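The sequence lines fix the lettering, A, B, ..., with proteins before strands; numbering per chain opens at 1. All of these numbers come straight from a predicted model, not from anything done at the bench. Heavy atoms only: backbone and side chains are in, while hydrogens, waters and symmetry mates are out.
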2 protein chains.
Amino acid sequence: MKNKTVILVEDDPDLQESIGQIIRHLPGLDLIKIIGDGLEAVKIIPDLHPDLIFMDINLPGCSGIECCSTLLAENPEILILMLTSFEDDDSVFNSLKAGATGYLIKKDLTLKLQEAVEDLLSGGSPMSPSIARRVVNSFRKPEAVSNQQLETLTIQEEKVLHLLSKGYQYREIANELFISIFTVKTHLRNIYRKLQVRSGTEAILKLFNKPS
Amino acid sequence: MKNKTVILVEDDPDLQESIGQIIRHLPGLDLIKIIGDGLEAVKIIPDLHPDLIFMDINLPGCSGIECCSTLLAENPEILILMLTSFEDDDSVFNSLKAGATGYLIKKDLTLKLQEAVEDLLSGGSPMSPSIARRVVNSFRKPEAVSNQQLETLTIQEEKVLHLLSKGYQYREIANELFISIFTVKTHLRNIYRKLQVRSGTEAILKLFNKPS
DNA sequence: AGCAAAATACTCCATTCGGCTGATTTCTTC
DNA sequence: GAAGAAATCAGCCGAATGGAGTATTTTGCT
């Protein structure tokens, strides 16, 4: 099988060297370019059509996260593995939103890089354990909302709220559930009281749990 | 170090046997109970205070996902690893929302279970590669919305939409931005046109990127 | 069987929302 | 400096929304 082409985007010369060496020693990979600047990366990478990019976050010119967005907008098939020492929520989730397929923190890089690459190429999303835990926990519904409040909603109330959260209007909810629009209103009144909100928009916020 | 106690929740007798055997052969684990029914699981597990639960989804009595919710509501520190053959989005994401810490599909169970357990216990979230990819991709913002549409919003339009997404009413947005309510309406009108939606609720859905 | 909760339905009323049309004033940008 | 985009403000209208009150039927559970 043909080797996969790899580009490393990293500005620290020491890390360029050390990570570059690691990559060069991995079987099946061709490190075709090392780039130290974000703007340069978005400029020249599209012409190099690599299979993989190993991307740092803290880059001069333009952050690695913005690079992801830009590069993937044109070449959605590129697999980007974030390789960084940041593990704050913003870095992690903005990277994933930008389209990164994996996220390794540098400290466990040496050991894991080979299997991360295999994982990437075989359809997975390699993440450092602590990152995976964060990502998974981000789905978890916090106590406060789901247990104290949402759970007091009755079956029908939940259905109504769910449809509302999909953008349905009262009339459409009524048709969907085979009840009258008045009943929908009654349910919503009770929902708003239970959730202590005053509009559908606020109720949806509680449902989606976006405290912001 | 003290062994970790494990409960297996699985209704298929064959799998009870085979998975049970695998667990018993893993070092550092004590398989203290095998349960074949969802309702029984939520009833007796709290008294057994296990460290880990390996949970099937398709159970009689009550689904493994509901079991997660219920059990974690009382004992949030339990680590639950979903062990199932389902890999549809609903199963995966509802499990994570319910609080599962890992998700393995049964076919690559034998090979991965040991390292999955180590991963779990050391703060990670083991997932089958295809599951991790799904989870990661769920963060990705679809082309259509973020690139073509959201980016065409002007500064002020984004501010208005942002406040709207926090549950503000027109009047409140106007006060917040020191503009008149008519201006807010104008911005909203342009936003709705650009996003091709017909209501604030739908606009928020696009913003939060919650398809369906 | 009987009670409590849930689900259903309706009316009245005030507010809000969204569509439509228009306008003036910056601010960029070429 | 002219063209165009962005931001501002305004009024009208009909539909949708939300609050309060009330009442009947159905369900769930003991």
### Summary
B/R133 meets the salt bridge (Lys or Arg N to Asp or Glu O under 4.0 Å) criterion, sequence neighbours left out, with none

#### Entry: A/N190 CG to C/dA9 P, straight-line distance once rounded to whole Å
14 Å

### Task
Not counting sequence neighbours, which residues clear side-chain contact (heavy atoms from CB on, under 4.5 Å) with B/D90? List them please.
B/D88, B/N94

### Message
Measuring from atom CG of B/L164 to atom NE2 of B/H187, what distance do you get when rounded to the nearest 0.5 angstrom?
### Response
13.0 Å

#### Entry: Any residue meeting salt bridge (Lys or Arg N to Asp or Glu O under 4.0 Å) with B/K106, in chain and number order, not counting sequence neighbours
B/E10, B/D56

#### Entry: Residues which pass ring-ring contact (aromatic ring centres under 6.0 Å, His included) with A/F93, listed by chain and number, not counting sequence neighbours
B/F139

### Query
In whole Å, what is the span from the CG atom of A/L177 to the P atom of C/dA6?
17 Å

### Task
In whole angstrom, give the distance that lies between atom CD of B/E202 and atom P of D/dT17.
11 Å

Are any protein N/O atoms closer than 3.5 Å to N/O atoms in nucleotides 14-17 of chain C? If there are, list each pair with its distance.
unit_1	atom_1	unit_2	atom_2	d
C/dT16	OP2	B/R171	NH2	2.9
C/dC17	OP2	B/Y170	N	3.4

### Query
Along nucleotides 21-30 of chain C, 5' to 3', which nucleotides get a B, which get an S, and which get a -, given that the test is a protein heavy-atom distance under 4.0 Å?
B---------

Could I get a table of every N or O pair under 3.5 Å where one atom is in the protein and the other is in nucleotides 26-29 of chain D?
none

### Query
What integer distance in Å separates B/L153:CG from D/dA7:P?
10 Å

### Message
Just the rounded figure in Å: distance from P of D/dA16 to CG of A/N175.
### Response
12 Å

### Query
B/F182 or B/I155: which one's nearest nucleotide on DNA chain D is closer to the 5' end?
B/I155

#### Entry: salt bridge (Lys or Arg N to Asp or Glu O under 4.0 Å) involving A/D12 - partner list, sequence neighbours excluded
none

### Query
Looking at residues at least two apart in the chain, or sitting in another chain, which of them share a side-chain contact (heavy atoms from CB on, under 4.5 Å) with A/V184?
A/V160, A/Y170, A/I173, A/A174, A/I179, A/L188

### Task
Can you tell me the distance, in whole Å, between the CD atom of A/E176 and the P atom of C/dT8?
14 Å

### Query
Considering only side-chain heavy atoms of A/H187, which listed nucleotide, C/dC10, D/dT8, C/dA7, is closest?
C/dA7

### Query
Can you tell me how far P of D/dT25 sits from CD1 of A/I179, to the nearest Å?
18 Å

### Query
Listed by chain and number, what are the side-chain contact (heavy atoms from CB on, under 4.5 Å) partners of B/K33, not counting sequence neighbours?
B/I7, B/I35, B/I44, B/L48

### Task
Using the test side-chain contact (heavy atoms from CB on, under 4.5 Å), find all partners of A/E87 that sit at least two apart in sequence or belong to another chain.
A/I105, A/K107, A/S130, A/I131

### Task
Name the residue closer to the 5' end of DNA chain C, choosing between B/R198 and A/E157 according to the nucleotide with the nearest heavy atom.
A/E157

### Query
Is the number of heavy atoms from other residues, nucleotides or ligands under 6.0 Å of B/E74 CD greater than 12?
no

## Note on the structure
Separation of C/dG19 atom P from B/I191 atom CD1, nearest Å, is 12 Å

### Task
Would you list the pairs meeting side chain to side chain donor-acceptor pair (under 3.5 Å) in which at least one residue belongs to residues 35-54 of chain A, sequence neighbours left out?
A/T5-A/D51

### Query
Quick one: do the B/R193 and B/N190 side chains pair a donor with an acceptor below 3.5 Å?
yes

### Task
Give a yes/no on whether any side-chain N or O of A/T183 is located under 4.0 angstrom from OP1 or OP2 of C/dA9.
yes

